[in-house]
Undergrad: 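Following this message is one structure expressed as structure tokens.
Keep in mind that the numbers below use all heavy atoms, side chains included, and drop hydrogens, waters and symmetry copies. Source: prediction; values computed, not measured. Lettering of chains follows the sequences in order, A, B, ..., and the numbering in each one begins at 1.
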Number of protein chains: 4
Amino acid sequence: MDDHTAGGGRADTAPDRALPVPDRLLSVATRLFAERGFERTSVQELVAAAGVTKGAMYHYFASKDDLLYAVYQRVLAMQTERLAGFAAAEGPIGERLHAAAADVVHTTVDNLDDTRIFFRSLHMLPEDKLAAVRKERRAYHERFRGMIEEGQRSGAFRTDVPADIAVTQFFGAVHHLSTWYRPDGELSGAAVGAYFADLFLAGLRPPETAG
Amino acid sequence: MDDHTAGGGRADTAPDRALPVPDRLLSVATRLFAERGFERTSVQELVAAAGVTKGAMYHYFASKDDLLYAVYQRVLAMQTERLAGFAAAEGPIGERLHAAAADVVHTTVDNLDDTRIFFRSLHMLPEDKLAAVRKERRAYHERFRGMIEEGQRSGAFRTDVPADIAVTQFFGAVHHLSTWYRPDGELSGAAVGAYFADLFLAGLRPPETAG
Amino acid sequence: MDDHTAGGGRADTAPDRALPVPDRLLSVATRLFAERGFERTSVQELVAAAGVTKGAMYHYFASKDDLLYAVYQRVLAMQTERLAGFAAAEGPIGERLHAAAADVVHTTVDNLDDTRIFFRSLHMLPEDKLAAVRKERRAYHERFRGMIEEGQRSGAFRTDVPADIAVTQFFGAVHHLSTWYRPDGELSGAAVGAYFADLFLAGLRPPETAG
Amino acid sequence: MDDHTAGGGRADTAPDRALPVPDRLLSVATRLFAERGFERTSVQELVAAAGVTKGAMYHYFASKDDLLYAVYQRVLAMQTERLAGFAAAEGPIGERLHAAAADVVHTTVDNLDDTRIFFRSLHMLPEDKLAAVRKERRAYHERFRGMIEEGQRSGAFRTDVPADIAVTQFFGAVHHLSTWYRPDGELSGAAVGAYFADLFLAGLRPPETAG
DNA sequence: TATGAATGAGTGTTCATTCAT
DNA sequence: AATGAATGAACACTCATTCAT
């Protein structure tokens, strides 16, 4: 009845009818949660936009929360996989960290919806799922921190600032991207990635290089 | 039904009964919105915790949204005022920016509730109020950017990264504080502020100082 | 705050500020009750439109119901007085009834707001006030019926239809005026009055005149 | 809270539990709206009297307004159908109009609740639904007017009063029935119908028949 | 005569979820 | 694998009225 397709714009991306029902739901949920927020999106709107019935949704997902959780898992898996690549690569740590940093910005910008949901709706997850997401997130950050510590041990990075702080600062900036970055603006994701990585790496240079 | 004994979370901080009703509501709202999120806080809980009736709340605030907006205005006013101080101070731009950066971290950490609400619930504001908040926020960022540009003109800061990007990156990290900083942890607000400012300023050093 | 003056049009008839407060309230109430209906008009809107405070209203009227009742009383008094004039006049009963019938249509059309309220909101009155209004209304109808009976006795009107039925039928049509008559239409109140009176009187002619 | 035992008014006519939910709601709504008025009937009372839950009601009707609208549609359909019969019948126009007029009175008296709601609560409908009802109502009146014009053309009825006015006057009286007719009084619906039709038709006789 | 803060019961409506089929 | 009628608790908000001043 109510066809709330309107709203934030975006080319009426009706999900591919050929896609399996769970994927269709996941993709529609990602879009709607990002556009309207998790709590402003009703299950009714969701299933209508996905072209399935409520019953079908509850067949695949235990709850609306569960759908949100599934969205998170998809994002986390993707990010973790990419980072693993940079961590395991060859080359000077400075270059590898720069590449990893630029890449996380780039892929974040390519999946702004996911990020938007991530930081806006994380607190809507039930305690247990929240813990699971946080755990995986922490693992991701630790991998990143490991690279910084590697550079600190090798003398490439400053040691007067804890690696933790640097990681936190950097990801804070990354997460914040979804609140200001506009895909139709003049800055490409790669450009922002380069700038961010430059600033980040420059911040990590040992202070004595300035003397 | 209207249960006037507060109920929930944090050292049962019943707001000072002597405080005027609007202030009481504002302070309770800040706490509850931060604890449970805006959407998860019902008007009923709110007024119960503040020890007033719904009618009283709607006498002073037009809606639940309006209460959220009032919380925002209070934060924005405070932040804007502090920044103005640093911008107008004397001394080398590098030192003034370092001080301003450290201060914004420090005061953010001292008002984590506000920040948490800010970035979690901004999207729940109605369009018009959202625009007003964004406008004021932008003015704040521009003032900060002005300091960076001043340093770029004087040669103190690198010019190969836009001031905009630097501002955005820094505030991204600041906003993110509310998701990880714990007041009862080992890092003081001042310490985090110092680290953040160090990293930030180091990131802004002209690249040639490295050569 | 909310200045609902808009709505049904009508030249923003702000009531004369020089008028005594009770009259101002009465006149504003008549307009708003007719425009939006009794229950859709809040006391807040009412006092705002009248330019007084709630306290002032409750000083003069015991309740919102009471205000409605006062509106009724004003109308009833006016109608009763006019009818008395026609009943007591000289001349053939047919002519006097025709004049009275045309007049009630005319004055109804001149006070459409009152009529609209009368039939739309009568059921919102509390039992006791409702009874009072009905009683006065009945007295009015009986006076009208008296004129018909006078004509029946004198042989001017048919006797095969009860006078009651004729009165009821006629006033039904009169009350209904407020649902279709438009002051800016092509029919004047006097014209409608003449037509209605013609039909009414013709209906009352003794059937044998047709033979 | 959700109290499934009905509560109030009239020989506790609990609606047939076997009836489908929408019909049950419609029938209960008709009764309650007529008894207490639309505004004075809360959705809570309504569903309690119908023995269903609020959720069930909102499953079938979009709003309380929508329920009122559904009541209207049912009445309008019934009336329109009956009138069509008389308009299409054989015989002198005077007799057919008399029969139609008597019948509309009779069926109105048989469905007083519907009529009461019709004229008391029409103004509570939202603009768009109001327009739909008015449109159908107008069509009904025009059909009736068509019969009068037919008689005017054939010389059976007077032509010095517009057919429109006659229709309006007659239906005004019909609508008014719900405010005074009592089913337990001494007048049967058929009797009132006959009287009304007599008066109405007599009023339409050409004036020269009086000479 | 008038104010306006405060009351508190009540309103229509929403919505995630269940379950017989 | 999927339907859709039904649930029931919760929600934001309204409003006539009171009362200390």
Undergrad: Can the ring centres of Tyr72(C) and Phe118(C) be said to be less than 6.0 Å apart?
TA: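 Yes, they do, as the ring centres are separated by less than 6.0 Å.
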Undergrad: Do the side-chain N or O atoms of His59(C) get closer than 4.0 angstrom to the phosphate oxygens (OP1, OP2) of dA2(E)?
TA: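 No.
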Undergrad: How long is the straight-line distance from CD of Gln73(D) back to NZ of Lys129(D), given to the nearest 0.5 Å?
TA: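 With rounding to 0.5 Å, NZ (Lys129(D)) is 9.0 Å from CD (Gln73(D)).
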Undergrad: Whether Arg36(A) and Glu45(A) form a salt bridge (side-chain N of Lys/Arg under 4.0 Å from carboxylate O of Asp/Glu) is what I want to check.
TA: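 Here Glu45(A) pairs with Arg36(A) in a salt bridge, since their nearest N and O are under 4.0 Å apart.
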Undergrad: Have a look at Thr30(C) and tell me which of Glu35(C), Arg116(C), Arg74(C) forms a side-chain hydrogen bond (donor to acceptor under 3.5 Å, both in side chains) with it.
TA: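 Answer after filtering Glu35(C), Arg116(C), Arg74(C): Arg74(C).
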Undergrad: Measure from CG on Leu46(C) to C1' on dT14(F) and round the result to the nearest Å.
TA: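 It is 16 Å, rounded to the nearest whole Å.
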Undergrad: Could you state the CG-C1' distance from Leu125(A) to dA16(E), rounded to the nearest angstrom?
TA: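 So the CG-C1' distance, Leu125(A) to dA16(E), works out to 16 Å.
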Undergrad: Would you kindly give the CG-to-P distance between Asp66(B) and dA12(F), to the nearest whole Å?
TA: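 Going from CG in Asp66(B) over to P in dA12(F) covers 15 Å.
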Undergrad: Taking for each residue the nucleotide of DNA chain E with the nearest heavy atom, is it Glu45(D) or Ala56(B) whose nucleotide lies nearer the 5' end?
TA: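 Of the two residues, Ala56(B) wins.
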Undergrad: Does dT14(F) pair with anything, Watson-Crick or G-U wobble, both distances under 3.5 Å, and if so, with which nucleotide?
TA: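 Here dT14(F) is engaged in a pair, and the nucleotide opposite it is dA9(E).
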Undergrad: What one-letter contact string describes nucleotides 15-21 of chain F from 5' to 3', where B marks a base within less than 4.0 Å of any protein heavy atom, S marks contact via sugar-phosphate atoms alone, and - marks no contact?
TA: -SBB---
Undergrad: Donor-acceptor check, side chain of Arg24(D) to backbone of Leu19(D), threshold 3.5 angstrom: yes or no?
TA: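 The answer is yes, because a donor-acceptor pair under 3.5 Å joins these two groups.
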Undergrad: Output the rounded distance in Å from CG (Asp23(B)) to P (dA5(E)).
TA: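 Going from Asp23(B) (CG) to dA5(E) (P), I get 14 Å.
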Undergrad: Base, sugar-phosphate, or nothing for Tyr60(A), non-hydrogen atoms under 4.0 angstrom?
TA: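 The answer is sugar-phosphate, as Tyr60(A) gets under 4.0 Å only of primed atoms, P, OP1 or OP2.
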Undergrad: For dA6(F), give the paired nucleotide (Watson-Crick: N1-N3 plus N6-O4 or O6-N4; G-U: N1-O2 and O6-N3; both under 3.5 Å), or none.
TA: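 Here dA6(F) is engaged in a pair, and the nucleotide opposite it is dT17(E).
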Undergrad: Which heavy atom of Tyr58(C) sits nearest a heavy atom of Ser63(C), and at what distance?
TA: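 Scanning both residues, the minimum pair turns out to be CE2-CA, 4.0 Å.
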Undergrad: Round to a whole Å and report the spacing from CZ of Phe61(D) to P of dG12(E).
TA: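 Rounding to the nearest Å, CZ of Phe61(D) and P of dG12(E) are 16 Å apart.
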